Amino acid sequence: MSNGPHATDRSVPILDRVEDAFFALDADWRFTYINDRAESMLKRSRRQLIGRVMWDEFPETVETQFPEGFHQAMETQEPVSFEVYHNPLDTWFEANAYPSRSGLSVYLRDITDRKERENELAQHARVVEAVHDGVLTVDDDDRIASVNEAIEETLGATREELVGQPIRRLPELASIDSEGAMAIGEAIGTLQSGETSYQRFELSFVNSDGEERIGEMRMVPLGEGLASVAGVIRDVTEQREYEETVDSLHEVTRWLFGAEDAAEICSVAVHAADELLDLPISGVWLLDDERGCLDPMAATMGAHTELGGLPQFYEGEGLVWDVYREGEPKTFDDLTEESGIYNENTPLRSEIIVPIGTHGVIMTGSTAVDGFDDTDMELVSLLASNTEAALDRSDREKLLQDRKQTLARQSERLRAVADILSEDLQQHLDEVASEFDDERQDPAVTETLTRAEELVDDVLEFARDQSTMGSRSSVDFEGALADALDASIAEDMTVYLEFEGSVRAERARFVHMLETVFNDVTTRAEGDATVRIGPVEDDATGKPTGFYILDDAAAIPETEFDRVFEPERATGSERSGLGLAVAREIAEAHGWEVDVSTGQAGGTQFSVTGMVTFEVSRR
């Protein structure tokens with residue numbers, strides 16, 4: 001049962017007549033109804049919005065109270081009410097959201113006038129209490145009647161220099177620009193005439209340290225007497241710089257969403273941290289699921305200079321991993337007081353680390369203790385949120401692209417497999433028919449059925465979506481090798497295994513891959529074949545990254561290397577399955593690379609590399 005009103009066909013005329021803006025969202029946050037007032041307020045038509053996701057059409061609302069309030073309403077199935085400022089429309093709204101199981105009904109009321117009145121009252125009260133702001137009063141003769149101590153530092157002029165002077169001399173006395181002085185004069189005239197009770201504007205000035213600053217001047221009438229107008233000037237330079245930075249970060253969001261992949265997104269993020277946020281020692285790590293580590297993706301030049309590059313973090317290593325697991329941003333004001341830091345000799349003395357959702361983290365460091373304030377944390381958190389949204393979008397697009405490519409490959413495979421299956425089984429059935437007699441019936445039929453079973457197994461493997469990997473486990477290489485030999489068509493093959501080791505893989509598919517290679521060796525051998533299996537080591541690090549299978553059977557010509565992984569058409573009853581095409585499919589599904597080459601002393605070498613979790617020890 002609904003906790004509040006929800007749009008129906010019969011309620012539509014009524015909803016169009018209400019003064020408040022009204023719209024309805026379904027459970028996926030898509031617009032299902034918008035009344036006339038909402039069209040006008042949001043400056044978008046029904047045709048543009050119906051069926052669209054709110055967060056996609058109004059991405060700026062993601063940084064407001066709307067998502068939190070709407071999610072709370074749907075999760076608790078209780079109405080919520082909150083006030084929110086919408087920057088693009090320069091409007092304050094009072095939002096009332098009524099949930100149901102099927103969606104959300106939202107009423108928006110423009111309360112901008114009310115908020116401005118509240119702000120005016122609050123500002124009037126702060127005239128007396130704002131002791132940290134510069135305060136001056138002007139008498140009926142337009143002379144400066146009084147100033148507070150703070151205004152001397154703000155404007156760079158002493159009390160003696162200001163009090164008693166005509167307000168028109170303020171520019172020359174306090175280094176206020178001419179436009180600001182004109183605005184002050186106009187505001188005083190307007191207030192004294194009674195046309196308005198409040199004036200607010202910005203002006204530029206030079207403070208006591210000779211720095212150019214931006215001030216927000218607020219002026220109110222005080223009535224008849226010694227002082228007729230009071231003015232409060234507040235230095236808002238940092239605030240305006242912050243607002244400009246936030247606006248720039250919104251522009252960065254457009255760059256992030258235009259990036260082609262995760263690496264480029266991370267590069268844009270660290271560039272923004274360096275150039276926009278003035279955080280020169282920054283980096284981004286993303287989670288590598290296969291290796292179970294946070295992998296460095298991008299870093300500023302300052303990070304490379306101070307840290308010599310970014311390390312990988314495996315589970316439990318350092319503060320970066322702790323923050324990622326906890327999922328909450330954190331500031332470390334003094335790293336010397338923290339336990340469990342990754343590098344005890346780090347030149348950094350303070351850090352901000354913010355999770356990028358489940359993707360990874362962004363870190364910025366300083367060589368000074370207490371190198372960051374709350375504003376830095378807010379800005380880095382905003383950058384992390386924008387980066388997370390871009391990575392989510394990139395993942396969705398990659399998933400769709402991979403799916404399209406997978407479907408295209410599957411179509412090609414299935415067409416090839418259909419031809420192979422038809423011709424191969426027909427050949428075996430023809431052989432059985434031509435040689436059929438009572439004595440050979442059972443063996444012939446058995447061979448044909450066995451052949452059919454092998455082909456069906458390979459067809460299923462070959463057509464399988466590479467993204468549907470089962471769970472991986474640590475697979476003992478020697479045990480998998482024995483199972484593959486038993487399942488292959490090899491009868492008297494001699495195998496020399498030159499190492500002991502294990503690899504993380506889906507065991508059944510790994511065994512099938514080895515089986516397919518042994519079948520290929522058997523079909524090329526004129527008699528008994530000998531196979532050697534050894535590790536393949538990285539030239540730079542010397543670490544094993546895969547293995548090779550070297551045979552002494554009839555060598556595959558180099559001219560056939562490019563075609564060796566294509567599905568084969570069976571040429572005789574000794575052929576088994578779809579050949580090395582299946583081996584390639586299984587290897588690539590694991591993220592490995594496969595290759596066929598001629599061995600150093602002859603023979604054919606089948607190599608599998610790119611195994612990041614391959615552990616071996618030589619016999």
Side-chain angles (χ1 to χ4, degrees), residues 60 63 85-88 90-92 112 115-116 118-120 122-138 144 146-159 161-162 165 167-191 196 198-220 229-252 272 275-279 372-380 382-383:
E60 64 275 4
E63 306 300 332
Y85 177 70
H86 191 271
N87 189 60
D90 191 24
T91 304
W92 276 95
T112 305
K115 294 296 289 188
E116 288 180 350
E118 292 174 355
N119 289 339
E120 289 174 0
Q123 288 161 346
H124 289 179
R126 286 197 294 270
V127 170
V128 177
E129 299 175 1
V131 294
H132 297 293
D133 296 335
V135 179
L136 60 81
T137 58
V138 179
I144 299 173
S146 65
V147 297
N148 70 344
E149 183 178 349
I151 208 167
E152 297 182 80
E153 181 178 352
T154 301
L155 299 182
T158 66
R159 193 185 307 265
E161 291 173 328
L162 295 173
Q165 296 295 324
I167 191 66
R168 67 176 181 272
R169 293 196 59 203
L170 193 59
E172 60 182 276
L173 296 172
S175 300
I176 293 177
D177 65 3
S178 58
E179 291 182 4
M182 185 179 298
I184 292 174
E186 292 177 353
I188 291 173
T190 301
L191 292 169
T196 182
Y198 176 71
Q199 289 283 289
R200 181 176 64 182
F201 50 89
E202 289 187 358
L203 49 79
S204 299
F205 64 92
V206 178
N207 67 8
S208 58
D209 295 327
E211 301 171 333
E212 294 185 3
R213 311 293 289 178
I214 299 173
E216 180 185 71
M217 176 68 84
R218 292 164 288 168
M219 306 189 78
V220 296
V229 174
V232 179
I233 184 169
R234 172 173 293 176
D235 189 331
V236 294
T237 307
E238 283 76 16
Q239 181 181 342
R240 295 295 175 263
E241 290 175 349
Y242 174 84
E243 291 169 353
E244 290 177 2
T245 300
V246 171
D247 289 340
S248 297
L249 283 178
H250 286 306
E251 179 67 17
V252 169
E275 298 296 325
L276 294 181
L277 308 186
D278 192 25
L279 302 172
F372 304 103
D373 56 23
D374 291 342
T375 298
D376 294 321
M377 171 61 87
E378 292 175 9
L379 292 173
V380 176
L382 178 57
L383 176 60

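Since this is a predicted model, take the numbers as computed values, not measurements.
- Within a 6.0 Å radius of CD in Glu179, no more than 12 heavy atoms belonging to other residues, nucleotides or ligands are found.
- In terms of heavy atoms, Glu60 sits closest to Pro88 at CG-CG, 3.4 Å.
- Atom CG of Asp278 and atom CG of Leu379 lie 11.0 Å apart (nearest 0.5 Å).
- At least one side-chain heavy atom of Phe205 sits under 4.5 Å from a side-chain heavy atom of Ile233.
- Taking both residues in full, the closest heavy atoms of Asp376 and Phe372 are given as OD2-CA, 3.4 Å, listed atom of the first, atom of the second, then distance.
- Contact record, Asn148 with Asp133: ND2-O, 2.7 Å, taken as the closest heavy-atom pair.
- Applying the 6.0 Å contact sphere to CD of Glu211 captures more than 12 heavy atoms from other residues, nucleotides or ligands.
- With rounding to the nearest 0.5 Å, the separation of CD1 in Ile176 from CD1 in Ile184 is 4.5 Å.
- Summarising the local packing, CG of Asp374 is surrounded by 12 or fewer heavy atoms from other residues, nucleotides or ligands at distances under 6.0 Å.
- Side chain of Arg159 to backbone of Val147: a donor-acceptor contact under 3.5 angstrom is found.
- In this structure, Ala272 and Leu383 approach most closely via the heavy-atom pair CB-CD1, 4.1 Å.
- Here the side chain of Thr91 pairs no donor or acceptor atom with the backbone of His86 at under 3.5 angstrom.
- Between Val229 and Gln199 there is no side-chain heavy-atom pair separated by less than 4.5 Å.
- Atom CG of residue Leu136 and atom OG of residue Ser146 lie 7.5 Å apart, to the nearest 0.5 angstrom.
- Closest heavy-atom contact between Leu191 and Val220: CD1-N, 3.8 Å.
- How far OG1 of Thr237 is from CZ of Arg213: 3.5 Å, rounded to the nearest 0.5 Å.
- Not counting sequence neighbours, the partners of Glu202 by the side chain to side chain donor-acceptor pair (under 3.5 Å) test are Arg240.
- Between Phe201 and Gly180 the shortest heavy-atom distance is CE1-O, 4.3 Å.
- Within the model, atoms OG1 of Thr375 and CG of Leu277 stand 11.0 Å from one another, a figure rounded to the nearest 0.5 Å.
- Looking at Thr112 and Asp90, their side chains never come closer than 4.5 Å, going by heavy atoms from C-beta outward.
- To the nearest 0.5 Å, the span separating CG on Asp177 from CE on Met182 amounts to 10.0 Å.
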| When you look at Ile144 and Ile167, which way does the side chain to side chain contact (heavy atoms under 4.5 Å, CB included) test go after all the steps? | CA-CA 6 Å; Ile144 299 173; Ile167 191 66; 3.9 Å; yes
